[in-house]
Amino acid sequence: MLEQAKQKIRNISNFPKQGIEFKDITPLLKDAKAFHDVIAAFVQKFASEQIDYVVAIESRGYLLGAPLAYALGAGLVVVRKPGKLPAAVERVEYALEYGTDALEIHQDAVEKGKRVLIVDDLLATGGTVAAACELVSRLGGKIVSAAFLIELADLHGRQKLADTTKVFSLFTY
Ligand code: AMP
C-alpha cells in the first residue's frame, strides 16, 4: 500500500536551483489514501515508544508532524527559522553549501527527560536535522528517533547522525 503513496512523490528537476532534483510531496498530501497511509505507517512504527513530543521542522515537517503527533497522542513542538518564535529561544547555526542557516526552538518547549520524535519531510545531508537534534538536546530532551518521509541515501545524512540518533525513513532513493 505504501508503494502507491511513493508513486505520488513528484520529481522536479532544477528546483529551487540548477542541479537539484526536488522531491515534491504535494501530490502525496492531496491524495487522501496516500496521506493516510504514510501517517499510519509512522504511527505503527512509533506507537509503542511513548513519545511525549513530536518536534517538527519548518515547514514541510509540520505537514507530517502535526497529524502524527495527534495520532500518537503526543504534543507538537515546532522548530522554526530565525525570528519567528515569540518567546525566549535556543538557536543553532549550521552550515549550508553556501553560507549558514539557523533554527530556533522555544526554551520551554521540551522539559528534561521527555521522549522526543523529530520529524521532517526529507533527509538529505542531515545538516537540518542535526541542528534540530542539537536544540532538543540542549533542552534536555531524549531523542527517541528522527523520522522522515524521504531519505536521499547518496547524501549520507544517516551517517552524520549515526552516533547519536536513530533514523527511520519510509522511502529511500
Ligand atoms: P539537509 O539539511 O541537507 O538534510 O536538507 C534537508 C532539508 O532540506 C529538508 O527540510 C528538506 O525539506 C529540504 N530538502 C533538501 N533536499 C531536498 C530535495 N531534493 N527535495 C525536497 N526537499 C529537500
Side-chain angles (χ1 to χ4, degrees), residues 2-3 5-31 34-35 37-39 41-42 45-46 53-69 76-85 89-106 109-110 116-138 141 143-173:
L2 282 176
E3 199 45 44
K6 189 174 184 184
Q7 299 310 321
K8 294 284 174 182
I9 297 168
R10 174 165 66 180
N11 295 318
I12 307 286
S13 297
N14 302 316
F15 181 91
K17 56 185 179 186
Q18 202 65 27
I20 303 282
E21 187 177 72
F22 190 84
K23 298 287 184 203
D24 177 18
I25 65 169
T26 61
L28 184 157
L29 296 172
K30 83 163 193 177
D31 184 292
F35 189 30
D37 288 351
V38 300
I39 298 302
F42 283 122
K45 172 74 183 171
F46 294 107
Y53 298 121
V54 170
V55 171
I57 303 175
E58 184 166 0
S59 58
R60 286 185 296 278
Y62 299 168
L63 303 172
L64 303 167
L68 180 55
L76 178 67
V77 168
V78 294
V79 163
R80 297 213 62 178
K81 305 273 170 62
K84 305 280 191 185
L85 289 170
V89 296
E90 281 294 325
R91 176 194 179 96
V92 168
E93 298 203 351
Y94 60 102
L96 297 176
E97 196 177 349
Y98 301 105
T100 61
D101 211 340
L103 288 175
E104 295 180 346
I105 195 169
H106 273 147
V110 176
V116 168
L117 175 64
I118 296 182
V119 174
D120 202 359
D121 66 325
L122 184 144
L123 175 63
T125 65
T128 305
V129 69
C133 288
E134 167 67 19
L135 289 171
V136 170
S137 297
R138 277 192 205 170
I143 301 168
V144 174
S145 183
F148 305 89
L149 186 62
I150 299 163
E151 176 177 355
L152 302 181
D154 289 352
L155 297 177
H156 306 300
R158 183 179 282 265
Q159 283 86 324
K160 186 169 198 161
L161 298 174
D163 293 342
T164 52
T165 308
K166 278 194 207 167
V167 173
F168 173 74
S169 50
L170 276 187
F171 304 131
T172 303
Y173 290 85

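The basis for the numbers below is simple: all heavy atoms, side chains too, and nothing from hydrogens, waters or symmetry mates. Counting starts at 1 for both ligands and their atoms, in listed order.
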| remark: For atom 19 (N) of ligand 1, the closest protein heavy atom turns out to be Glu21 O, 2.9 Å
| message | Let's go through Ile143 and Ile118 carefully: what are the C-alpha distance in whole Å and the side-chain angles of both, what is the deciding distance for side chain to side chain contact (heavy atoms under 4.5 Å, CB included) to 0.1 Å, and is it a yes or a no? | response | CA-CA 7 Å; Ile143 301 168; Ile118 296 182; 4.1 Å; yes
| field | Heavy atoms from other residues, nucleotides or ligands near NZ of Lys6 exceed 12 (cutoff 6.0 Å) | value | yes
| Mind checking whether Ala124 has an N or O less than 3.5 Å away from an N or O of ligand 1? | yes
| task | Identify, by atom number and element, the atoms of ligand 1 in contact range of Thr125, meaning under 4.0 Å from any of its heavy atoms. | result | 1 (P), 2 (O), 3 (O), 4 (O)
| message | Suppose I only count heavy atoms of Lys23 and a 4.0 Å limit; which atoms of ligand 1 are within that range? | response | 18 (C), 20 (N), 21 (C)
| message | Less than 4.0 angstrom from a charged side-chain N to a carboxylate O is my criterion; do Arg138 and Glu90 meet it? | response | yes
| task | Check Ala41 against Leu170 and note the closest heavy-atom contact, atom names and distance. | result | CB-CD2, 3.8 Å
| Heavy-atom closest pair, residues Ile105 and Val78 | CG1-O, 4.1 Å
| Is the NZ or CZ atom of Lys23 positioned over Phe171's six-membered ring, under 6.0 angstrom from the centre and within 45° of the axis? | no
| Under 4.0 Å from atom 2 (O) of ligand 1, do we find at least one protein heavy atom? | yes
| query | Is Asp120 touching ligand 1 with its side chain, its backbone, both, or neither, if touching means heavy atoms under 4.0 Å apart? | reply | side chain
| Where does Arg60 meet ligand 1, judged by heavy-atom distances below 4.0 Å: at the side chain, the backbone, both, or neither? | side chain
| Salt-bridge contact Glu104-Arg80 (side-chain N to carboxylate O under 4.0 Å) | no
| What part of Leu122 sits under 4.0 Å from ligand 1 if we count only heavy atoms: the side chain, the backbone, both or neither? | both
| task | Identify, for atom 8 (O) of ligand 1, the protein heavy atom at the shortest distance, and state residue, atom and that distance. | result | Thr128 OG1, 4.6 Å
| query | atom 21 (C) of ligand 1: which of Tyr173, Phe22, Phe15 has the nearest heavy atom? | reply | Phe22
| query | Would Val119 and Leu68 count as a side chain to side chain contact (heavy atoms under 4.5 Å, CB included) if you check the C-alpha gap in whole Å, the side-chain angles of each, and the deciding distance to 0.1 Å? | reply | CA-CA 9 Å; Val119 174; Leu68 180 55; 3.9 Å; yes
| message | Check contact between Gly126 and ligand 1, using heavy atoms of the residue and a distance below 4.0 angstrom. | response | yes
| field | contact_flag Asp121 ligand 1 heavy-atom lt 4.0 Å | value | yes
| Are Arg158 and Glu151 close enough for a salt bridge, meaning some N to O gap below 4.0 Å? | yes
| Residue-ligand contact Leu152/ligand 1, heavy atom below 4.0 Å | yes
| Is it the side chain, the backbone, both or neither of Leu155 that has a heavy atom closer than 4.0 Å to ligand 1? | neither
